[in-house]
Amino acid sequence: AGVGRRLDAELLEELEEALLVSDLGPDLCDTVIHALRERAKLDSGTGLAKMIEEELLKAMGERQQDAPRPPAGELRVILVVGVNGAGKTTTIGKLAHRLREEGGQVMIAAADTFRAAAIEQLERWAERAGAQLVKSKPGADPAAVAYDALGAAKARGCDTLLVDTAGRLQNKKNLMQELEKMGRVLGRALPGAPHEVLLVLDGTTGQNALSQARLFSEASGVNGLVVTKLDGTARGGIALAIHRELGLPLRWVGTGEGIDDLQPFDAGLYTRALFE
Amino acid sequence: SIQDRFDGILRGLKGTAKISESNIEEAVSQIRRALLEADVNIKVVRTFINDVREEAKGEGVLKAVSPGQQFTKILSDKLQELLGGQAEPIRWNREGPTVIMMVGLQGSGKTTSAGKLAGMLKKKGRKPFLIAADVYRPAAVDQLVVLGEQLGVPVFRPIDDDPFKTAVEGLAEAKRQGADTILLDTAGRLHIDEGMMAELEAIRGEIQPSEILFVADAMIGQDAVNAASEFDRRLAFTGVVLTKLDGDTRGGSALSIRSVTGKPIKFVGLGEKLDAIEQFHPDRMAQRILG
Ligand SMILES: Nc1nc2c(ncn2[C@@H]2O[C@H](COP(=O)(O)OP(=O)(O)OP(=O)(O)O)[C@@H](O)[C@H]2O)c(=O)[nH]1
Ligand SMILES: Nc1nc2c(ncn2[C@@H]2O[C@H](COP(=O)(O)OP(=O)(O)OP(=O)(O)O)[C@@H](O)[C@H]2O)c(=O)[nH]1
Ligand SMILES: [Mg+2]
Ligand SMILES: [Mg+2]
């Protein structure tokens, strides 16, 4: 949208298309366009780009509450969940690396005991990041692996435990129950755990991300989002629709396949990319 | 469902008043919303509803006994026709083994689908052979090796960390072993990654696959047309595999990808196990998209 343009009908149409193409979804898009139309009548002072960004930030929530943390000195447990292929394992590698760079001791639980070579894949990442790893055999009970990893993390004085889980589609009730059990087991082993439950969303996902957010939240108490693959052409507008509906904060953005390709969420950058 | 929405709009008109063009317009705007919620691309939606509007006005909705039903029928028929009337089979090579190349964005299901296809073909009495040409993703080769072991299908490992060399030598080894169908798994990549797309072009140029399958995650949103059209532009793929349709996504990406590339959706992935693959059914997909 050009900085000098007025907010007329033609521009609103162009903007609507840009927001839809960014996967905001028709509902949220209508809300934003309607709000802009109203504002344009009353407020001709604010620059157009600024106005659009402000309306989008209302949906996004400019100030995200900080991630929940345990009391000082206690182990922090982060459970990573999401559908198949979203980028959970890779994101854990990146997070572990970041935490290590900040001087932390990191333990990873290889609790995807189902998919072919999932454990091997995570082992490579743990090695690259300088993190410790607890694993079992393929087919082992995922909650048991997480439990063992938690014990080992405490014993070895780690400050963060990252738990990788198998990808699963949210409509599979038995797999969602498996996640519920994982959460309970972690909470019994360490009251308050898991402190963070991150839902990893593939940035190319469309409106199905809403269903993912709802059902994963129900099963495992998601309290943060990661949107991956934003180094592509997808804009990840679904994160706004999810935030608007469920209030979930976006914590991290994945911007590539390398170990450094993880950015903390920046509301201004994120929202501007949706309509530029 | 969309039928309910139409019944809602056109209900009051059965037998009493004549339905008007503005009623049709209201129904059309419901379709637009439904298709966008189903992740059909905005430009594809626009073209589609223009066609539907013309047909609805011209055909029989205005005079129909049950306009809601008539309208739904036009909609569903049109959708099915656009998705591709008949399921299309694999393009078998006339002479020599058939090479099938799997390509697509990261995490779409290429490796798993290569395994599933190998399994399906083996059950049909063919002699499949898998080539692991993803040298980038950690343990990608291990993943395909494990699948090959589960299926009893040979897997060719990378040579010199070089996907091109691997494809060429893998094909030679497959021929030596008398395989009749070679499935080449490649690394996921972005359509805007020049180097990685050039790598695929080079491999394609050298081994000349008779089938290039674009593997897409059914839950992909508006970005489907960007990825599909660029992969098509550079590789001229011959078919599409739509994965993770065992989820609850409406799968509008099927219509977007098909409209924008004209290529047939050949298979759908319906689960994580190696037997979870089927031929594509346009009628079932149409119903699903309409919700
Ligand atoms: N371009 C890009 N690719 C990514 C990003 N994050 C992950 N990937 C790629 O996406 C693919 C899937 O990543 P994984 O980490 O295996 O995903 P996952 O969620 O653990 O998958 P499952 O365990 O099979 O459910 C891999 O090829 C990754 O390299 C990202 O931010 N950008
Ligand atoms: N539920 C379900 N899961 C699937 C289907 N197809 C693939 N998957 C899962 O999706 C995830 C990604 O599959 P992969 O085969 O690793 O995908 P890929 O395209 O090879 O990924 P990259 O090589 O990283 O680009 C894995 O967890 C698979 O088990 C499907 O049809 N249904
Ligand atoms: Mg994983
Ligand atoms: Mg793969």
Side-chain angles (χ1 to χ4, degrees), chain A residues 16-27 29-30 83-90 93 114-125 127-128 138 166-172 175 202-212 215 228-229 231-238 256-257, chain B residues 32-43 45-46 105-109 111-112 115 136-147 149-150 187-193 216-227 230 243-244 246-253 256 271-272 274:
Chain A
E16 182 189 33
E17 176 154 334
L19 295 178
L20 282 173
V21 158
S22 295
D23 286 312
L24 238 72
D27 238 11
C29 190
D30 278 354
V83 301
N84 307 70
K88 300 176 290 301
T89 303
T90 306
F114 171 74
R115 206 210 67 210
I119 297 170
E120 287 80 343
Q121 181 187 8
L122 194 56
E123 273 182 305
R124 308 273 169 87
W125 278 111
E127 245 172 88
R128 284 182 191 176
R168 68 204 67 219
L169 299 182
Q170 66 275 20
N171 53 325
K172 312 247 164 137
L175 298 182
D202 183 324
T204 64
T205 307
Q207 299 310 298
N208 191 252
L210 282 161
S211 165
Q212 292 175 27
L215 295 175
T228 62
K229 309 178 196 175
D231 43 318
T233 48
R235 292 277 138 279
I238 35 138
E257 302 188 72
Chain B
R32 176 180 180 276
R33 178 148 222 107
L35 294 179
L36 286 175
E37 285 169 359
D39 291 320
V40 182
N41 180 265
I42 176 76
K43 292 202 170 75
V45 171
R46 206 171 279 145
L105 297 174
Q106 290 89 346
S108 64
T111 303
T112 307
Y136 306 100
R137 169 172 154 157
V141 174
D142 296 325
Q143 185 184 3
L144 197 61
V145 166
V146 168
L147 297 185
E149 284 166 355
Q150 290 173 355
R189 69 204 61 213
L190 296 176
H191 49 293
I192 53 172
D193 186 330
D217 190 327
M219 66 184 86
I220 190 173
Q222 297 291 312
D223 199 49
V225 299
N226 298 328
E230 188 59 8
T243 64
K244 308 176 204 171
D246 45 320
D248 62 13
T249 186
R250 298 261 295 277
S253 55
S256 302
E272 299 188 62
L274 287 173

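So you know, we letter chains A, B, ... as the sequences are listed, proteins then strands, and number each from 1.
Applying the side chain to side chain contact (heavy atoms under 4.5 Å, CB included) test to A/Ala18 and every residue at least two apart in sequence or in another chain returns nothing. Among residues two or more places apart in sequence or in another chain, the side chain to side chain donor-acceptor pair (under 3.5 Å) test is passed with A/Thr89 by A/Asp164.
For the 3.5 Å distance criterion, the side chains of A/Glu257 and B/Gln106 qualify, holding a donor opposite an acceptor. In this model, no donor atom of one side chain and acceptor atom of the other lie less than 3.5 Å apart for B/Asp39 and A/Asn208.
Salt-bridge annotation for B/Glu272 and A/Arg168: absent, with no side-chain N of the basic residue lying under 4.0 Å from a carboxylate O of the acidic one.
Within the 4.5 Å cutoff, the side chain of A/Asp27 has heavy atoms near those of the B/Arg33 side chain. Counting heavy atoms from C-beta outward, B/Met219 and A/Gln207 have side chains that stay 4.5 Å or more apart. Side-chain atoms of B/His191 and A/Thr233, non-hydrogen and from C-beta on, do get closer than 4.5 Å to each other. Residues B/Glu37 and A/Leu210 have side chains not in contact (no heavy-atom distance under 4.5 Å, counting atoms from C-beta outward). Contact of the B/Pro138 side chain with the A/Glu123 side chain is not registered, since no non-hydrogen atoms from C-beta on lie closer than 4.5 Å.
A/Leu169 CG to B/Thr249 OG1: the interatomic distance, rounded to the nearest 0.5 Å, is 10.0 Å. Going from atom OG of B/Ser108 over to atom CG of A/Asn84 covers 12.0 Å, rounded to the nearest 0.5 Å.
Of the atoms belonging to B/Arg137, it is side-chain heavy atoms, and not backbone ones, that fall under 4.5 Å from chain A. Looking at B/Asp248, the atoms closer than 4.5 Å to chain A (heavy atoms on both sides) sit in the backbone and in the side chain alike. For A/Asp231, the parts lying near chain B are the backbone and the side chain together; criterion is any non-hydrogen pair under 4.5 Å. The parts of B/Leu36 that come within reach of chain A are both its backbone and its side chain, each placing non-hydrogen atoms under 4.5 angstrom from that chain. Looking at A/Arg115, the atoms closer than 4.5 Å to chain B (heavy atoms on both sides) all sit in the side chain, from C-beta outward. No part of A/Leu122 comes within reach of chain B, as not one of its non-hydrogen atoms sits under 4.5 angstrom from that chain. Contacts between A/Gln212 and chain B at a heavy-atom distance below 4.5 Å involve the side chain alone, from C-beta outward. For A/Glu16, the part lying under 4.5 angstrom from a heavy atom of chain B is the side chain only. At a 4.5 Å heavy-atom cutoff, A/Leu24 makes no contact with chain B through either its backbone or its side chain. Heavy-atom distances place both the backbone and the side chain of B/Asp246 under 4.5 Å from chain A.
Chain B forms more heavy-atom pairs under 4.5 Å with one residue of A/Ala117, A/Ala116, A/Gly85, A/Pro26 than with any other, namely A/Pro26. Ranked by heavy-atom pairs shorter than 4.5 Å toward chain B, the options A/Gly232, A/Gly87, A/Gly237 are led by A/Gly232. Options B/Leu105, B/Ile42, B/Ile220, B/Val145 differ in how many heavy-atom pairs under 4.5 Å they form with chain A, and the most are formed by B/Ile220. Contact count versus chain B (heavy atoms, under 4.5 Å) is highest, among A/Gln121, A/Arg235, A/Gln170, A/Lys172, for A/Gln121.
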Exercise. Apply side-chain contact (heavy atoms from CB on, under 4.5 Å) to the pair B/Val141 and A/Glu120, showing each step before the final yes or no.
Key: CA-CA 10 Å; B/Val141 174; A/Glu120 287 80 343; over 6 Å; no
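Looking only at distances, no side-chain donor or acceptor of B/Asp223 sits under 3.5 Å from a matching main-chain atom of A/Thr204.
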